[in-house]
Amino acid sequence: MNIFSYHQASDATSAIALKHAGPAAKYLGGGTNLVDLMRETVEQPETLVDITHLACDIEQRADGSLLIGAAAKNTAVAAHPAVRSNYPLLSRSILAGASAQIRNVATVGGNILQRTRCRYFYDNAAHCNKRQPQAGCDALEGFNRYHAILGASDACVATHPSDMCVALVALDAVVHLQGTAGTRSIPLRDLHRLPGDRPDLETDLQPDELITAIEIPALPFANRSTYRKVRDRASYAFALISVAAALDLDETGKVRDVRLALGGVAHKPWRALKAEAVLKGQTADTAAFRAAAEAELADAVGLRDNAFKIELAKRTIVAVLDELKGDNA
C-alpha cells in the first residue's frame, strides 16, 4: 500500500487511525487527541488500528543513557528513579503537562506527536492552513495570545503543545523509528517541522513509520536541571512560555556547558542554540544570562495579542538559569 503518512500518534491510548482506505491512505494517530479531533469533525478516520504491541519498557543502560519505549506511560517515565535523579527537568515537564488521570494513560510516542491546540485548527468554521492547505490562517488577525513568536510564517502561527518534548529536546533525545523500509533514528529536534508554506506537514516521518522508542543520551550535568512553565492558570493550562535547562559550571564559576530549550514559542519544541553559544565560557551571572536570552529572542516577532511573550521568554530564561546557578553553587 502506498501510504502518505505524517503519523499524528496517540495522545493517550495506542491506536492509529486510517483516514482513507485504499492507495492514497493517510495514517493519523490515536488517543485523546484524536478523540478530540474526531469529536470536532476535524478528523474523520474510517479505521482504527491497534498499536498496543509497541514497547513500554524504560531501560537504563550501562553507558548512562536511557531507552524509553514509545508506549511507556507518562506517569511511569516521570516516576522512574533514573529520570528523577539524572534528568529532573524531564520529570518536572511531564508533571507540569497534564492531570494525573491523563498522565496515567498518555504515552511517550503520543505526547511527541500530539497536534496543536490552536482554536482555529479545531474550528471547522475558521480558515486554517494546517487543517486545509491554502485556506488561510485566521489566527494571524484573530485571538493569538498563545501563538508563536519564533519560526512562524504567514501560513501558520500555531505552537506545539507538549511540555515533555521541550525537556527531551534540551536533552538531545533521539527518536527511533520503524517502517516498511527498515529502521532509522533522528534527533527529536529535527522531527518536527517549522510551518513554512506547508503547515499541514508537521513532522519528517516517512510513509508507514512508527515511533518505537526515545533514547536519551547520558548527560552527567543534567542532574542539575529544571523545567519552568509560565501559564495563565496554575492547573493544567498550556504554556505561554516554558524553559527546560541544565547548567554546568567550572570551578571558577564560568559556564562549561549548558542545555536550553523553549516551549510555547514555535511550531516545534525550540532548542535555544544561540543562547547556548553565547553562554559557553562566560561567567555565570544575570548579565550573561540576559545577553543569551536577548540573542535567542533577537528574531522573535510578536502578534497583536502575544508580543508580551518576547520579554516574558527572556525573563524566564534568566530566572531559570539564576536558579540553576544557585544549584551549582
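As a basis for the values below, the full set of heavy atoms in this structure was taken, side chains included, without hydrogen atoms, waters or symmetry mates. Everything numeric here is computed off the predicted structure, so don't read it as measured data.
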Given 3.5 Å as the limit, does a donor-acceptor pair link the side chain of [X] with the main chain of [Y], or not?
| X | Y | result |
| --- | --- | --- |
| Asp248 | Val258 | no |
| Lys130 | Pro199 | yes |
| Asn124 | Glu40 | yes |
| Thr283 | Asp285 | no |
| Thr116 | Thr159 | yes |
| Arg231 | Ala234 | yes |
| Asn144 | Ala139 | yes |
| His267 | Arg193 | yes |
| Ser225 | Ala246 | no |
| Lys314 | Ala292 | no |

Salt-bridge test for [X] and [Y]: reply yes if a basic N is under 4.0 Å from a carboxylate O, no otherwise.
| X | Y | value |
| --- | --- | --- |
| Arg290 | Glu311 | yes |
| Arg131 | Asp123 | no |
| Asp172 | Arg271 | yes |
| Glu141 | Arg304 | no |
| Asp232 | Arg145 | yes |
| Arg184 | Glu209 | yes |
| Glu276 | Arg259 | no |
| Asp322 | Lys325 | no |

Subject >> Shortest non-hydrogen separation from Asp197 to Ala155 and the atoms involved >> reply: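 Taking every non-hydrogen atom into account, CA-CB, 4.1 Å.
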Original post:
Residues in side-chain hydrogen bond (donor to acceptor under 3.5 Å, both in side chains) with Thr75, at least two apart?
Top reply: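 Once residues adjacent in sequence are excluded, the partners of Thr75 under the side-chain hydrogen bond (donor to acceptor under 3.5 Å, both in side chains) criterion are Asn104.
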More than 12 heavy atoms of other residues, nucleotides or ligands under 6.0 Å from [atom1] of [X]: is that the case?
| X | atom1 | value |
| --- | --- | --- |
| Arg84 | CZ | no |
| Asp204 | CG | yes |
| Lys254 | NZ | no |

Subject >> Pair Thr226-Arg92, side-chain donor/acceptor within less than 3.5 Å >> reply: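 A donor-acceptor contact under 3.5 Å links the two side chains.
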**OP:** Taking atom types as modelled, find out whether Asp305 and Tyr146 have a side-chain donor-acceptor pair closer than 3.5 angstrom.
**Re:**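 Tyr146 and Asp305 do not have a side-chain donor-acceptor pair below 3.5 Å.
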**OP:** Output all residues satisfying salt bridge (charged side-chain N to carboxylate O under 4.0 Å, His left out) with Lys229, sequence neighbours left out; order by chain, then residue number.
**Re:**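 Expected list: Asp163.
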Subject >> Asn129 vs Asp200, side-chain hydrogen bond (donor to acceptor under 3.5 Å, both in side chains): CA-CA, chis, key distance, verdict >> reply: CA-CA 7 Å; Asn129 290 315; Asp200 56 308; over 6 Å; no
Subject >> Working for side-chain hydrogen bond (donor to acceptor under 3.5 Å, both in side chains), residues Thr107 and Asn74 >> reply: CA-CA 6 Å; Thr107 62; Asn74 285 182; over 6 Å; no
Subject >> Pairs flagged by ring pair (Phe, Tyr, Trp, His ring centres under 6.0 Å) wherever residues 167-195 is involved - sequence neighbours left out >> reply: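 Checked against ring pair (Phe, Tyr, Trp, His ring centres under 6.0 Å) - neighbours excluded - the pairs reaching residues 167-195 are His160-His192.
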Original post:
Are Asn306 and His147 close enough, and set up right, to give a side-chain hydrogen bond (donor to acceptor under 3.5 Å, both in side chains), and what steps lead you there?
Top reply: CA-CA 7 Å; Asn306 75 350; His147 288 68; 6.0 Å; no
Original post:
Can Phe221 be reached from Val169 by stepping across I, L, V, M, F, W or Y side chains whose heavy atoms are under 4.5 Å apart?
Top reply: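 In one cluster: yes.
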